Amino acid sequence: MKPVPEPDDVSAFFWRGASDGTLLVLRCGACTYLSHPPDVSCAKCGAMELTPAPMSGNGEVYSFTIVRQAFDPAFVPEVPYVVALVELDEQPGLRMLANIVDIVPDAVDIGMRVEVTFEDRGDHVVPQFRPAVPVGTST
Ligand SMILES: [Zn+2]
């Protein structure tokens, strides 16, 4: 069993959304700025009127690391895998840490178009990203 994120009061909506297959990010009621990771106040203006808003789930790889060594035994079968910062289309600088799945790690590249996919880990559903255009197929 792989470790799963621990939802708290601030991030509970995020995990509920994932369970429903929706990627949610907090939108500020005062200035409409999108904040991630979840916080109690807007990262831009400090207002506390934050409401979860559904995202398209589309974005691109901003940066990434290929993990080739597992330090947690639960992840040994997973290596190598890709941990990436994905910048969502909704707002410049709106970035989310996730794995890139459904791709050979060496094929991941900066700027690659990705889309959200939801990985069911039993107790939790974890948003991950996969190539928006299937890799290795030609038209
Ligand atoms: Zn704001």
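When a ligand or atom number is given, it counts from 1 through the structure's own listing order. Just so it is clear, the model here is predicted, and its values are computed rather than measured.
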Quick one: how many protein N/O/S atoms are under 2.8 Å away from the Zn ion (ligand 1)?
->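 For the Zn ion (ligand 1), the figure is 4.
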At their closest point, which heavy atom of Pro52 faces which heavy atom of Leu24, and how far apart are they?
->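 Heavy atoms only, the tightest pair is CB-CD1, 4.1 Å.
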Straight-line distance of Tyr81 OH to Arg68 CZ, nearest 0.5 Å =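 Separation between the atoms: 12.5 Å.
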Would you find more than 12 non-hydrogen atoms of other residues, nucleotides or ligands less than 6.0 Å from Tyr62 atom OH?
->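 Open.
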Identified side chain to side chain contact (heavy atoms under 4.5 Å, CB included) partner of Leu88 from the options Val25, Val114, Asn58 =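 Only one option passes, and that is Val25.
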Salt-bridge criterion met for Asp39 and Lys44 (N-O under 4.0 Å) = no
Output, in order, the C-alpha distance, side-chain angles, deciding distance and verdict of side-chain contact (heavy atoms from CB on, under 4.5 Å) for Arg113 and Asp89.
-> CA-CA 10 Å; Arg113 297 292 303 166; Asp89 286 352; 2.8 Å; yes
